[in-house]
Structure formats: structure tokens, C-alpha cells
Amino acid sequence: MWNDLTSYRASVSERSILSLFDDPGRAETFSARFGDMLFDFSKTNIDGRALDLLIRLAETADVAGARDAMFAGEKINETEGRAVLHTALRNLDGGPVVVDGTDVMPEVLGTLDRMDAFAEDVRSGRFTGQGGKITDVVNIGIGGSDLGPVMAVQALSPYADGPRCHFVSNVDGAHVADVLRPLDPATTLVIVASKTFTTIETMTNAQTVRAWMSETVSDPAAQFAALSSAEDKTAAFGIDSSRVFGFADWVGGRYSMWGPIGLSLMIAIGGTAFRAFLRGAQSMDVHFKSADYRENLPVLLALVGIWHHQVCGYPTRAVLPYEQRLIRLPAYLQQLEMESNGKRVNMDGEDLETVSGPIVWGEPGTNGQHAFYQLIHQGTGVVPCEFMVGAKGHEEDLGHMHTLLVANCLAQSEALLRGRSLEEATEIMAAKGLEGAELDRQARHRVFPGNRPSTTLMYPLLTPEVLGQIVALYEHRVFVEGIILGINSFDQWGVELGKELAKALEPVLSGDEGTEGKDGSTAALVGYIKTHG
Ligand SMILES: O=P(O)(O)OC[C@H]1O[C@](O)(CO)[C@@H](O)[C@@H]1O
């Protein structure tokens, strides 16, 4: 299958994507809709034959079978012996989801109701701090216990009518210090978000914040809540069980914002909007489960990704939301995609047949246009770009700005597609009065090779429901890519070694232990810190 794809790609690699639009139906054929959402992949070099081969790849990998196994609660995370059921957290209709013979939905929905009640207590002032109504919430977490809520709170700021939410993740004391500086401990709620309740960054920050709070309030623990599966540890930290929201081991960290890890978002936007966010994701689940591969957005997004990375060999992909409020989406997707599919062996522990998942990066447009788009347009490498934009913005009185935003988004994908030839560039520069060798030289700097692939995801407006759809779309995209590559997308052993070595280096840096056994570079770097620290 892979060979068929790579040899077919080689046979069409020189053709211009623009020429494919000689087919007047191309934009329609190479796009798919889900409700009001449109995914356009016509500005890629994928044609009917390539799509057929990609679909066959999905069929051969039995994506549908793996998908059904995931939704059915089978232990598809084989290296950790766990089911993968973040979809149960947004299964608002409550149809049974059985794990080890038990329907988990009553507990899931019960926890959601408890979260809702607590969020409402905080928002209404029924739950107060020791100085009165809660004005600020500080979520302490990292990775999957941080990136989702950070991204979503920002994305949905037009819906945020609750206390202000802040996020502390880095173990760099600068982060917590900067976040706490303007806050009043007596009206601040602290949420410690950690599935394991052992993550060193989170626990260190939690202790720092508790110490900060204890300088002002008599009972700091009363203003703490915890989002964790480790109830013994939350109790040991002194957090009352009424403010502990747990979740099962079948919710992976980077897939967890649909449940308790989303509490800060729920407090910011309220329970009704939070449920709309879940409903959006749930609707994408239904689509993923039922739509034909050729109409299935997560499957198509995955196949386009596979085409560009594994088949064409483009090493990275850029996610470019023309939506300022999605500023943290690229970071969120970096964890989702790279922690999930950045693996070198397959489920059986054998070397992968192909390269693993791509490097994912990006920034909102139009800002990126004034920074790295230069390389995207004229650099020697190809970066497939994933644009996304809403038909409308929330600032109705600033509609003219939204029009300009959309114009820029569409212009970028058009420019990548068309490019500008040497003849065109020469004509432009000649019209400016240049001639001879200087004309030639200057024109060459103004050539755009074009023929660079991009996709565009469009949606009506970034509502909670649409955000839920977008995030679930990407989750399932990562899943499909993982299945096709044979990867377990739900473990993350690659983060462990660094954690272990950091633990071992702490006493070396503090002077309790020497650098014996360390490589020369590490020993020298320790020496620098000891001299200058
Ligand atoms: O929620 P926890 O247990 O603190 O873990 C935080 C993050 O750390 C990781 O395990 C990686 O270090 C992520 O997968 C996870 O999202």
C-alpha cells in the first residue's frame, strides 16, 4: 500500500496543483461538510487516484474496526492496559458505555452534574473565598491538565461571564509569581489539575500557591479544589472530597478537558455553554462513527496528513487559525498530535514501517504573515498549511475587520497555490523602471514557486459547540493517523526519561551530590550554574 502511494506520488509530483482545477467540480469533489463546517482539501496534489489509494490504506488498517473498538471500551491502549474513552465524557445522551462489565455513564454524568453545581456555586457567589465572592480562578496543571482549558478559555472569551481564569503550568517560579501578583488570595479559587497528583511541576506550584494563600487567609485548603484520579493524594494535600472531581484511567491527559479538567472553562462560561461545547464534540463523534470514509472529516483530515508527511515527506505541518482567540490551539495540537503519534515503534514494539507523526506548529493569522510566512512562500522546503477561519466574528460592529481577516486567509492559500512566475515578476519590476541585469536579479527575488499545498477548515462562528467540533475533529484525526501508522496514540513513554534525569539532577545542582557519571557537557553546564547561580 505504502509503495503504491509513494510511486503514484512520484508520478504526479511535478504537476501543478492549479492545473487540477481544470476540473470545474474539483473544489466540490475534494471537500467535505459536516453540518455547517466545510473542510476543503482541493488545494493539495491529491486527485481521485491518490484519494482511492489513501482510502484503501484506511481500509487495510481497518480504521473502522479500531474506531468501533475504541468507542466500545476495548483496552486499545495496550501498553498501559487501558480503554480509551474520552468520548464517554461528552456522551450527553448517556447511552451505556461499558468498561470491564460496568456502565460508566452514571458516574460520568454524576461527576458532570457535581462540576456544574460547584461551578454555579462559584459563579453565583454561593461558594465564597474567605474575603468574599470569588473573583479569580487559578488552574494549576501542565500538559493535558493545562493546555486544553487554557486554549478553550481564550477561544470562548465572548462567552465568559464568570470569574477571571488564570493558568499556572511552568515550574519556572516566574510563571506563578506573575500570575499571583495582581490577585487577592481571599477571593481566589485554586484548582489543582493533575490526573496523577504527582507531577512535579504541578505539585511544586500547588505548594507555592498554598503558601501564598496562607499568608492572608486562615484556611487556605478551603479555597482549593482538585481535579484528579488520585483521591488519596488530594486528601493528603488537605482538599475536602466535596471539591475533588475524579476521572477514570481511561481518560488520557491530553484528551481530558471534556471532564473535570474542564472545570475552569465551566466556571468561566457556565454549565450551559460547557454542555454546548460537549455537544459539539459529541456530534463530531457521531459523524466519525457513521460517515463514509469519503465524507468523514476526521478520516479525510488524517489521510491528507498522511499524504503530506508519510507519502510526500514534508516534515512539518502548520496550523494557521485566522481567529485570534485560537492563539493557543497550535500549542494544544502540538501535545495532542506529537505526544500521541511521536512514536518510533508500533503496537507490537517493532520499528515503524514509515516515519512517525509530523512536527506541528503555528500561530494565528494575520500575525504569522509578518513573521514566518516568508519561509512558507519562498523557503526551499514545503510546509503544508492548515488554515481555519470563521465566516463571522463575534465583533459585529467590526465586520469590516473580519472581512479583511478572511481576505487575508484566502489570499494566503491562493498565493501558495498560484505562486508568481519569473515572467510575472519580471513584468512587475520592469514596470517599476528596472532593466538589464538588475531587472533580472531583482525579479528573481520576487518569484514565488507556488504549487504549495494547503487545506482550509471553515465554520460559521467560533461558538462553544463549534470549538467542541473542531477539537474532537483533531482528536479523531490523530487517532486515525495512529491506527494507519500502527502506533499506540494513547501512551507517552517518551516523556519519562527526561523526568527521571531531572529528578536525579536536582541534588547535583543543589550541591548534595557530585557530577560523577555525568557526561562532560552536563557536568560543565552544572559547573556554570554553580558558579553563576
Ligand atoms: O495530569 P498530570 O498527571 O499532572 O499529567 C500532566 C501531563 O503530563 C504528561 O503525563 C506528560 O508529562 C501528560 O501526558 C499529561 O497531560
Side-chain angles (χ1 to χ4, degrees), residues 76-77 79-86 89 111 115 138-153 167-172 175-176 190-210 224-237 239 244-265 328-343 356-357 360 471 474-475 478-479 482 487-506:
I76 61 167
N77 175 359
T79 57
E80 295 181 310
R82 292 175 183 169
V84 174
L85 277 175
H86 47 281
L89 300 177
T111 302
M115 285 169 63
V138 176
N139 184 88
I140 305 174
I142 196 163
S145 299
D146 168 72
L147 288 164
V150 174
M151 180 274 290
V153 165
F167 296 87
V168 173
S169 52
N170 202 327
V171 77
D172 181 348
H175 198 179
V176 68
V190 181
I191 298 176
V192 185
S194 176
K195 182 175 162 180
T196 54
F197 229 69
T198 57
T199 304
I200 190 80
E201 292 94 331
T202 302
M203 299 326 296
T204 307
N205 275 313
Q207 277 146 13
T208 303
V209 175
R210 189 168 56 184
F224 271 64
L227 318 174
S228 181
S229 324
E231 278 176 31
D232 50 333
K233 297 192 174 69
T234 59
F237 194 87
I239 302 175
V244 176
F245 302 88
F247 49 103
D249 70 358
W250 37 257
V251 180
R254 54 194 172 275
Y255 299 87
S256 63
M257 77 161 141
W258 315 102
I261 294 296
L263 183 63
S264 53
L265 174 65
R328 296 296 284 162
L329 183 69
Y332 174 80
L333 293 180
Q334 277 174 345
Q335 188 198 19
L336 181 64
E337 304 208 9
M338 293 162 75
E339 197 167 75
S340 297
N341 287 344
K343 315 277 167 70
S356 63
V360 178
V471 177
Y474 273 87
E475 283 180 350
V478 168
F479 172 76
I487 283 172
N488 178 5
S489 302
F490 301 102
D491 61 12
Q492 56 283 319
W493 299 110
V495 303
E496 294 304 324
L497 180 58
K499 285 186 195 172
E500 284 164 28
L501 293 178
K503 213 170 176 183
L505 269 166
E506 216 190 328

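Order of appearance sets the numbers: ligands from 1, and atoms from 1 within every ligand.
The distance criterion of under 3.5 Å between nitrogen or oxygen atoms is not met by Gly253 with respect to ligand 1. An N or O contact shorter than 3.5 Å links Thr196 to ligand 1 by distance.
Within the 6.0 Å centre-distance limit, the rings of Phe224 and Phe237 are counted as a close aromatic pair.
Of all the atoms in ligand 1, the ones that sit under 4.0 Å from a non-hydrogen atom of Lys195 are 1 (O), 2 (P), 3 (O). The ligand atoms of ligand 1 that sit less than 4.0 angstrom from a heavy atom of Gln335 are 13 (C), 14 (O), 16 (O). Interface of Gly143 with ligand 1, defined as ligand atoms under 4.0 Å from a residue heavy atom, comprises 16 (O).
The nearest heavy-atom contact from the protein to atom 16 (O) of ligand 1 is Gly144 N, 2.7 Å. In this structure, atom 1 (O) of ligand 1 lies nearest to the protein heavy atom Ser145 OG, 2.6 Å. Of the protein's non-hydrogen atoms, the one nearest atom 10 (O) of ligand 1 is Lys499 NZ, 3.9 Å.
Every residue two or more places apart in sequence or in another chain that forms a side chain to side chain contact (heavy atoms under 4.5 Å, CB included) with Ser264 is listed here: Asn139, Pro149, Cys165, Phe167, Ile191.
With rounding to the nearest 0.5 Å, the separation of CG in Leu329 from CG in Leu336 is 9.5 Å.
By the 4.5 Å heavy-atom criterion applied to side chains, Ser228 and Val192 are not counted as neighbours.
Counting only distance, with no hydrogens or angles, the side chain of Gln335 and the backbone of Gly144 share a donor-acceptor pair below 3.5 Å. Panel note: side chain His175, backbone Asn170; a donor-acceptor pair is recorded below 3.5 Å.
A donor-acceptor contact closer than 3.5 angstrom is absent between the side chains of Asn341 and Ser356.
The heavy atom nearest to atom 4 (O) of ligand 1, out of those in Leu147, Ile142, Thr199, is found in Thr199. Among Glu496, Gln492, Glu339, the residue whose heavy atom sits closest to atom 13 (C) of ligand 1 is Glu339.
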